[in-house]
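None of these values were measured; they are calculated from a predicted model. Values reported hereafter were calculated over all heavy atoms of this structure, with side chains retained and with hydrogens, waters and symmetry mates removed.
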Amino acid sequence: MSTLKNKVQLIGNVGNAPEIKSLESGKKVANFSIATNEFYKNSNGEKVQNTEWHNIVAWGKIAEIVEKFVAKGKEIAIEGKLTSRSYETEAGEKKYVTEVVANEILLLGIKGE
C-alpha cells in the first residue's frame, strides 16, 4: 500500500477565463475551474446529468500554457494532486477550499477551436 499516491485525473470544460497572476519572483500562477459531467438514469428511467465543479491551480510553465491556450468552454484534461486549505475573510469568517494542483495539462477538442 505504500505506492498509493494523491493523484487526480479530470476531463472537463473550463468554466471561466483563467485568472493569471505574476508573482514578484516572475513565476506565474493560474486559477480556473472546470466542470465534469456524469450521466445516469433515475428510478423513472429518465436520463439525469450531474455537474461537478473543480477548482484548478497551475504554477510555472503549466500556468504559462494555460495563459496562452486555455479559455472558457475549452475541453481539457488535468492531472494533479488534491489539496485543501483554509483562510479567514476580512469579516473573520473561516473558509475552506479544496483545489487540484495541476502537474500536467492536455488540451482536448478539435484543433483550431
In terms of hydrophobic clusters joined by side-chain contacts under 4.5 Å, are Ile105 and Val8 together?
yes
Should Ile56 and Phe69 be counted in the same cluster of Ile, Leu, Val, Met, Phe, Trp and Tyr side chains packed under 4.5 Å apart?
yes
Could you note down all residue pairs passing salt bridge (charged side-chain N to carboxylate O under 4.0 Å, His left out) where residues 21-32 supplies at least one of them, sequence neighbours left out?
Glu19-Lys21, Lys28-Glu67
To the nearest 0.5 Å, tell me how far [X] [atom1] sits from [Y] [atom2].
| X | Y | atom1 | atom2 | result |
| --- | --- | --- | --- | --- |
| Leu82 | Glu99 | CG | CD | 9.5 Å |
| Ile34 | Leu10 | CD1 | CG | 4.5 Å |
| Glu93 | Tyr87 | CD | OH | 8.5 Å |

Quick one: closest heavy-atom pair of [X] and [Y], and the distance?
| X | Y | result |
| --- | --- | --- |
| Lys47 | Phe39 | CE-CD2, 3.6 Å |
| Pro18 | Phe32 | CA-CB, 3.8 Å |
| Ile11 | Thr36 | O-CG2, 3.3 Å |
| Ile62 | Ala102 | CD1-O, 3.7 Å |
| Ile76 | Leu108 | C-CD1, 3.8 Å |
| Val14 | Ala71 | CB-O, 3.4 Å |

Within a strict 4.5 Å, meaning less than it, do heavy atoms of the Val70 and Leu107 side chains meet?
yes
Could you point out which residue of Val66, Ile20, Val57 forms a side chain to side chain contact (heavy atoms under 4.5 Å, CB included) with Asn31?
Val57
Please check if the side chain of [X] supplies one atom and the backbone of [Y] the other of a donor-acceptor pair under 3.5 Å.
| X | Y | result |
| --- | --- | --- |
| Asn50 | Glu38 | no |
| Asn44 | Glu46 | no |
| Asn16 | Ser33 | yes |

Among residues at least two apart in sequence or on other chains, which ones pass salt bridge (Lys or Arg N to Asp or Glu O under 4.0 Å) with Glu104?
none
